[in-house]
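Provided herewith is a single structure, encoded as structure tokens, for subsequent inquiry.
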Amino acid sequence: MNNKKPRDPLYPRGFEETREFKKQIPNNYPKPNKKDDELTPLKKLNHKIGVYLNPSSVEITDSEKKKKIGMIITTLILATIIISAYYFIIYEPSQEELTLAKTTKLNELHDLYCGALTTSPNAFLLENQIADAGSPEEIEQINIIRPATKDWKSYHKKSINANCDKYNRTMAVYSNESKNVILPFSEAMKIVNENSAEVLSQIKFEKPNTVSVPILISRLQAGAGLVNVGSVVDIYTNNSYTNESYISNDTNPDISGCTVLAIMRYEDNGEIDSEYSKSKMTVKGNNTNPKENTKSFSSDVLELLKGSIIDGYDEKETVQMLKNYGVKLSNYERQINLGDLDAQYMLLIEAPQDKVNYIINNMDSIILTIPTSQAPDWMINEISSTYPD
């Protein structure tokens with residue numbers, strides 16, 4: 001009796017035989033067992049990483065240990081030498097040069113943007129540019145003098161307009177020379193227009209606060225007696241009068257731009273007692289005819305003026321005749337190279353109020369000088385004749 005099941009029409013032919021064959025293969029050919037010490041690829045990778053991270057966990061020979069240690073030490077030494085050489089030869093000198101360039105430029109900035117312009121917006125802008133610069137060349141390209149000059153000119157022009165007195169004058173105060181100069185508005189503007197920030201940063205303009213100071217000085221101290229009313233004089237101090245060992249290298253006047261308001265000589269200079277005589281003798285044979293022409297004049301200038309005031313003389317005519325008598329006398333003495341060297345002068349000069357004590361305390365040693373830039377006509381003529389075109 002055939003018990004074989006009919007073939008399932010849903011399975012392909014040979015399917016049953018194939019399945020039976022697959023079952024027989026494991027039975028006839030068993031799979032080899034895996035070795036316990038065989039490592040998977042992942043375990044192999046972990047093993048290698050472990051060797052580098054934890055070398056002690058892997059046994060190596062002493063020679064290999066010494067070799068690896070030597071390589072590590074050599075590498076560290078070479079790295080240290082290279083890094084040190086770069087730092088000391090390249091990095092540190094370049095940083096020092098950069099720091100020095102920044103310091104120099106900042107000093108220039110603070111010298112030019114000082115006083116009233118310390119908080120100027122341009123000062124902060126330039127300071128930030130210096131701080132952000134990465135090389136000395138970049139710092140060198142930062143121009144400070146140009147914006148500083150522009151800012152100072154703008155500031156000073158406003159200051160001059162605000163600090164003029166009723167005579168249209170202002171006073172320049174030089175911080176680096178410790179001097180005050182009273183000058184007209186036009187001259188102050190000329191100084192501002194013709195100078196850079198290096199000069200303008202050391203000046204400030206103030207409204208003149210002046211007083212008239214009487215001083216009694218010798219002819220030597222009074223510019224040889226040739227100063228005139230209206231002359232602008234500078235005041236120096238001859239410290240050798242009081243201290244023979246004192247030597248000063250300062251060539252700047254102690255007070256500059258003082259105006260002479262009045263001049264008086266001693267009354268003795270007005271006493272006149274003169275005689276002019278001219279003689280001539282004619283000889284003819286035994287006859288001698290002497291002839292003499294004599295003129296004499298005696299007067300007292302001050303007494304003459306007193307007489308005119310009380311209508312003893314024509315006052316206008318007398319005053320006109322005696323006008324500038326003292327200056328004319330000094331000028332004639334200059335021309336004939338002969339004069340009263342012992343003459344004393346009382347001068348009334350206009351000076352800054354804060355210099356009054358200095359003038360009074362140093363009256364015996366002050367010297368009045370006449371700047372050639374504001375020289376009187378006679379001085380201009382003498383200089384011109386000495387240096388003709």
Side-chain angles (χ1 to χ4, degrees), residues 110-123 147-215 217 222-223 227-237 250-263 346-363 366-376:
H110 295 152
D111 287 341
L112 296 180
Y113 278 94
C114 58
L117 294 188
T118 301
T119 58
S120 170
N122 281 337
T149 299
K150 183 179 179 180
D151 290 343
W152 274 116
K153 286 185 176 182
S154 176
Y155 172 79
H156 280 319
K157 287 178 181 178
K158 294 178 182 177
S159 179
I160 291 172
N161 281 292
N163 289 288
C164 277
D165 62 9
K166 62 181 181 180
Y167 307 109
N168 204 27
R169 304 176 307 171
T170 187
M171 183 168 68
V173 180
Y174 291 80
S175 59
N176 59 341
E177 299 177 2
S178 300
K179 70 174 183 178
N180 302 334
V181 181
I182 301 172
L183 63 168
F185 174 86
S186 58
E187 290 188 19
M189 284 296 187
K190 185 178 180 181
I191 291 175
V192 172
N193 290 326
E194 293 182 353
N195 287 282
S196 66
E198 294 173 335
V199 174
L200 299 179
S201 61
Q202 303 299 321
I203 305 175
K204 65 178 180 178
F205 291 94
E206 298 177 354
K207 184 171 291 187
N209 182 15
T210 61
V211 295
S212 58
V213 185
I215 56 174
I217 54 179
V227 294
N228 197 355
V229 173
S231 296
V232 177
V233 297
D234 292 339
I235 297 179
Y236 288 81
T237 305
D250 187 9
T251 58
N252 297 309
D254 297 297
I255 309 173
S256 182
C258 298
T259 304
V260 178
L261 302 177
I263 305 174
M346 172 72 76
L347 276 74
L348 194 63
I349 63 172
E350 181 191 26
Q353 189 175 36
D354 60 349
K355 298 291 185 179
V356 172
N357 285 334
Y358 176 85
I359 295 173
I360 294 174
N361 294 333
N362 294 278
M363 190 180 302
I366 63 174
I367 302 291
L368 303 184
T369 63
I370 306 172
T372 54
S373 59
Q374 297 174 319

Checking Tyr358 against Asp254 for the side chain to side chain donor-acceptor pair (under 3.5 Å) test, could you report, in this order, the C-alpha distance in whole Å, the side-chain angles of both residues, the deciding distance, and whether it holds? CA-CA 9 Å; Tyr358 176 85; Asp254 297 297; 3.2 Å; yes
Does the side chain of Tyr113 come under 3.5 Å of the side chain of Ser201 through a donor N or O and an acceptor N or O?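 Judged by distance alone, the side chains do not pair up.
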With side chains defined as the heavy atoms from C-beta onward, is the minimum distance between Leu183 and Ile191 less than 4.5 Å?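 Of all side-chain heavy-atom pairs linking Ile191 with Leu183, at least one is under 4.5 Å.
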Does Glu187 pair with Arg169 as a salt bridge, N-O distance under 4.0 Å?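 Not counted as a salt bridge, because no side-chain N and carboxylate O are separated by less than 4.0 Å.
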Which is it for Ser256 and Asp234 under the side chain to side chain donor-acceptor pair (under 3.5 Å) test, yes or no, and what are the steps along the way? CA-CA 4 Å; Ser256 182; Asp234 292 339; 2.9 Å; yes
For the CD1 atom of Ile255 and the CG atom of Asp354, what is their distance to the nearest 0.5 Å?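 The CD1 atom of Ile255 sits 8.5 Å away from the CG atom of Asp354.
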Please verify the inter-ring angle class for Tyr155 with Trp152; under 30° counts as parallel, over 60° as perpendicular, anything in between as tilted.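 Rings of Tyr155 and Trp152: perpendicular, over 60°.
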Is the side chain of Ser154 donor-acceptor paired with the backbone N or O of Asp151 at a distance under 3.5 Å, no angle test?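 Not confirmed, Ser154 side chain does not pair with Asp151 backbone.
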For the atom pair NE2 (His156) and CG (Asn163), what is the distance rounded to the nearest 0.5 Å?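 Reported value, rounded in 0.5 Å steps: 11.0 Å.
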Report yes or no: does Asn168 contribute a side-chain atom to a donor-acceptor pair with the main-chain N or O of Phe185 at less than 3.5 Å?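 Absent.
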Please answer whether the main-chain N or O of Glu206 pairs with a side-chain N or O of Thr170 as donor and acceptor at a distance below 3.5 Å.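 Side chain of Thr170 to backbone of Glu206, a donor-acceptor pair under 3.5 Å: yes, one is there.
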Counting only N and O atoms by type, is there a donor-acceptor contact under 3.5 Å from the side chain of Thr149 to the main-chain atoms of Ala197?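 Yes: the side chain of Thr149 pairs with the backbone of Ala197.
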How many angstroms lie between CD1 in Ile235 and SG in Cys258, if you round to the nearest 0.5 Å?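 Spacing of CD1 (Ile235) from SG (Cys258) equals 4.0 Å.
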So Ile160 and Val192, do their side chains get closer than 4.5 Å, heavy atoms only?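 The answer is yes; the side chains approach within 4.5 Å.
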Inter-residue atom distance Lys157.NZ - Met189.CE, 0.5 Å rounding: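 Those atoms lie 7.0 Å apart.
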Testing the basics here: between Val229 and Leu261, what is the closest heavy-atom pair and its distance to 0.1 Å?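 So the minimum-distance heavy-atom pair works out to CG1-O, 3.5 Å.
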Contact summary for Val233 and Pro371, nearest pair of heavy atoms: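 Heavy-atom minimum between the residues: CA-CD, 4.2 Å.
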NZ of Lys204: more than 12 outside heavy atoms within 6.0 angstrom?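 For Lys204, atom NZ is not crowded (no more than 12 foreign heavy atoms under 6.0 Å).
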What distance do Ile349 atom CD1 and Ser212 atom OG have between them, rounded to the nearest 0.5 Å?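 So the gap between those two atoms works out to 9.5 Å.
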Shortest non-hydrogen separation from Ile359 to Ala351 and the atoms involved: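 Nearest heavy atoms, Ile359 then Ala351: CD1-CB, 3.6 Å.
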pair Leu368-Leu347: side-chain heavy atoms closer than 4.5 Å: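 The answer is yes; the side chains approach within 4.5 Å.
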With a 4.5 Å heavy-atom cut-off, do Ile182 and Thr259 have their side chains touching?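 Side chain of Ile182 against side chain of Thr259, heavy atoms only: no contact under 4.5 Å found.
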Minimum-distance pair of heavy atoms, taken over all atoms of Leu200 and Lys153: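 Heavy-atom minimum between the residues: CD1-CG, 3.7 Å.
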Decide yes or no on side chain to side chain donor-acceptor pair (under 3.5 Å) for Thr237 and Asn362, but give the supporting numbers first. CA-CA 7 Å; Thr237 305; Asn362 294 278; 5.2 Å; no
Hey, is the main chain of Asn228 close enough, under 3.5 Å, to the side chain of Ser231 for a donor-acceptor pair?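 Confirmed, Ser231 side chain pairs with Asn228 backbone.
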Looking only at atom types and distance, does a side-chain atom of Asn122 sit under 3.5 Å from a main-chain N or O of Pro147, one as donor and one as acceptor?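 No: the side chain of Asn122 does not pair with the backbone of Pro147.
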Show the numbers, then the answer: is there a side-chain contact (heavy atoms from CB on, under 4.5 Å) between Ile203 and Val173? CA-CA 6 Å; Ile203 305 175; Val173 180; over 6 Å; no
Testing the basics here: between Met346 and Pro214, what is the closest heavy-atom pair and its distance to 0.1 Å?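 Answer, listing the atom of Met346 first, then Pro214: SD-CB, 4.2 Å.
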With rounding to the nearest 0.5 Å, note down the distance linking CD1 in Ile217 to CD1 in Ile215.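 Going from the CD1 atom of Ile217 to the CD1 atom of Ile215 covers 4.0 Å.
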